[in-house]
Amino acid sequence: MALTALAFGAVKSGRLGVAIFEVELDVGTADTPHRSRLLHEQLKAAILGGQLKPGSRLPSSRKSAALFGMARTTIVAVYDQLLGEGYLTARHGSGTYVADRLPEARTARSPDVGGADPRLNPFWLRPEVTSAFGFFDDGTATAADVATYPERFDFRPGLVDLVNFPFAIWRRVSAQKVRAFERAPFNYGHPQGDPDLRSAVSMHLSVVRAIACHADDLIVTSGAQQAFDMLARALVDPGRTVVAVEDPGYTPTRIPFAAAGARLCPVEVDREGMVIEALPADVDIICVSPSHQFPLGSTLSKERRAALIAFARAHGAIIIEDDYDGEFRAKGGPIKALKTADEDDVVFYVGTFSKSTLPNIRLGFVLPPAWAKSALVTVKICIDGPCSLPAQAAMTGFIAGGHLTRHIGRMRRVYDERRHALLDLLRDDFAEWLDPIDSSYGQHVTALSNGTIDVDAVAATLLRRNVQIRSLRRYYMGPAGKAGLVFGLGSLDGPAIRRAMALVRRTMREAADQ
């Protein structure tokens, strides 16, 4: 029996044109019995198997009749049967399409294999690994909950303000750069990053972080996460390397090092940042967020900064500085990054544009010591080569035109106003339950629990009330040493913060009265 491809495309001179999608069907020849049943079963199988996606348009009955050598009435009957069963929908004057929602009882289901497939690396199935990257998997309020609490409040840290971003300027700069590519087509580009972008970033770092570097010192990455992955691949000797991580800390930082075979050592963090005395003597790599510790929000004190550098030199260790939102200092004198000329040989500086511009642009950078740059460039080539050249070009124009610096200045004021509004509310209305950690940096505020209520249960209740908020517990590597809540400032303005905190207070009061 002949195999027939069901093609989607325009008809030219009575023939099907170039196929956009194809599904291979075996409906036999004119002598084959029950051809209509064969067509029905195979179309349904293609729909359930995903070869025909929801919203896909099927050829007209006339085209299908010619393609399969079947009567048009037979094709119409098969389509009608699938329509009646809910697998297809008909749009008047448009055609026949695969239904957006298939009959629930008949949708294809993954077989229950009774556990993880042994062909998978078990590391990537560990709960602590999968949960570390589950930023958007917190769950959402049900339809019934939304009906009761229609306004949605999102306090998750890591979100950025989209309302105040200068999209018009970004579009203009991007369009100018793309037009330039039309005049001078580009190739893959250098894996270290576009030279113009690296030059712009070096100037930007000197202005906003007082870091002196040259364009050739930098490596452009697809966000900070890729930088951590590159560093883990280049620096970890599997089974031997000891990596100290802040606890609580940013969980996605840990995973690349664990995947590379490092032994992770959680180190206590308090209101002055990482506790240097708690570092193990055999540590090789120290991961730290000194300017605005995530998630507590504390700043590594001057004394501890000096002690950390001294410790690294004395023990032959290196430091990875995660400066994820160091641009957003609201008050006080400038706080230097660890990465200075004097510490250039022991500090790897990781920066990102995800907080200062837009997360989905996916651009960051790493500033390594000179002795490590060549190895890291090789790792970058191995992973994916150069980052998107249009994105790099647009970012170059955005920085060179002064737009990034102006946007950061504006957002410093915006986030500072939100931080003050939130801190005032926490101090005035939540003092019996929460103790906020004051900070002059960043885009979130953390408040520690005094133990009078279960803040983890409160966070779960708030989710059902259409309020997304993070418990401090999720950021610990081991047992949680402190309980609290993390309030992100990226998506809520002042009035929204006040409305949300009224609901938070009501929920806490209910928990306290139980």
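The residues of the chain are indexed from 1 along the displayed sequence. The model shown is predicted, which means the values in this text are computed figures rather than measured ones.
Residue Ile408 comes nearest to His204 through the heavy atom pair CD1-CE1, 3.6 Å, listed as atom of the first residue, atom of the second, then distance.
The shortest side-chain heavy-atom distance between His403 and Trp170 does not fall under the 4.5 Å cut-off. Counting heavy atoms from C-beta outward, Glu321 and Cys287 have side chains that stay 4.5 Å or more apart.
In terms of modelled atom types and a separation under 3.5 Å, the side chain of Asp161 and the main chain of Asn164 share a donor-acceptor contact. No donor-acceptor pair closer than 3.5 Å links the side chain of Glu151 to the backbone N or O of Asn466. A donor-acceptor pair is defined here as one N or O able to donate and one able to accept, closer than 3.5 Å; no such pair exists between the side chain of Lys177 and the backbone of Ala394.
Note: Asp284 CG to Leu235 CG = 9.5 Å, rounded to the nearest 0.5 Å. A distance of 8.0 Å separates CG of Asp438 from NE2 of His420, quoted to the nearest 0.5 Å. Rounding to the nearest 0.5 Å places CG of Leu367 at 11.0 Å from CG of Asp323. With rounding to the nearest 0.5 angstrom, the CG atom of Asp456 is 13.0 Å from the CZ atom of Arg470.
Between the side chains of Tyr415 and Gln443, a donor-acceptor pair is found at a separation under 3.5 Å. There is a side-chain donor-acceptor pair under 3.5 Å between Ser289 and Glu246. The closest side-chain donor-acceptor pair between Thr461 and Arg464 falls under 3.5 angstrom.
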Checklist entry - Can Arg313 and Asp345 be said to form a salt bridge (Lys or Arg N to Asp or Glu O under 4.0 Å), step by step? => result CA-CA 10 Å; Arg313 293 195 188 283; Asp345 61 322; 3.0 Å; yes
Item to check | Phe353/Leu404 under side chain to side chain contact (heavy atoms under 4.5 Å, CB included): CA gap, chis, key distance, verdict | outcome: CA-CA 10 Å; Phe353 294 110; Leu404 179 59; 3.8 Å; yes
Item to check | salt bridge (Lys or Arg N to Asp or Glu O under 4.0 Å) assessment of Arg412 paired with Asp416 | outcome: CA-CA 6 Å; Arg412 278 183 176 180; Asp416 189 38; over 6 Å; no
Item to check | salt bridge (Lys or Arg N to Asp or Glu O under 4.0 Å) between Lys380 and Asp384, intermediate numbers included | outcome: CA-CA 6 Å; Lys380 184 72 167 71; Asp384 66 349; 2.8 Å; yes
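Of the options Arg233, Gln226, Gln225, a side-chain hydrogen bond (donor to acceptor under 3.5 Å, both in side chains) to Asp229 is made by Arg233 and by none of the others. Considering Phe294, Phe328, Phe487 in turn, Phe294 is the only one that fulfils the ring-ring contact (aromatic ring centres under 6.0 Å, His included) rule with His444.
A cation-pi contact, defined as under 6.0 Å to the ring centre and within 45° of the axis, links Arg91 to Tyr97.
If you look at Phe228 and Tyr324, their ring centroids are not closer than 6.0 Å.
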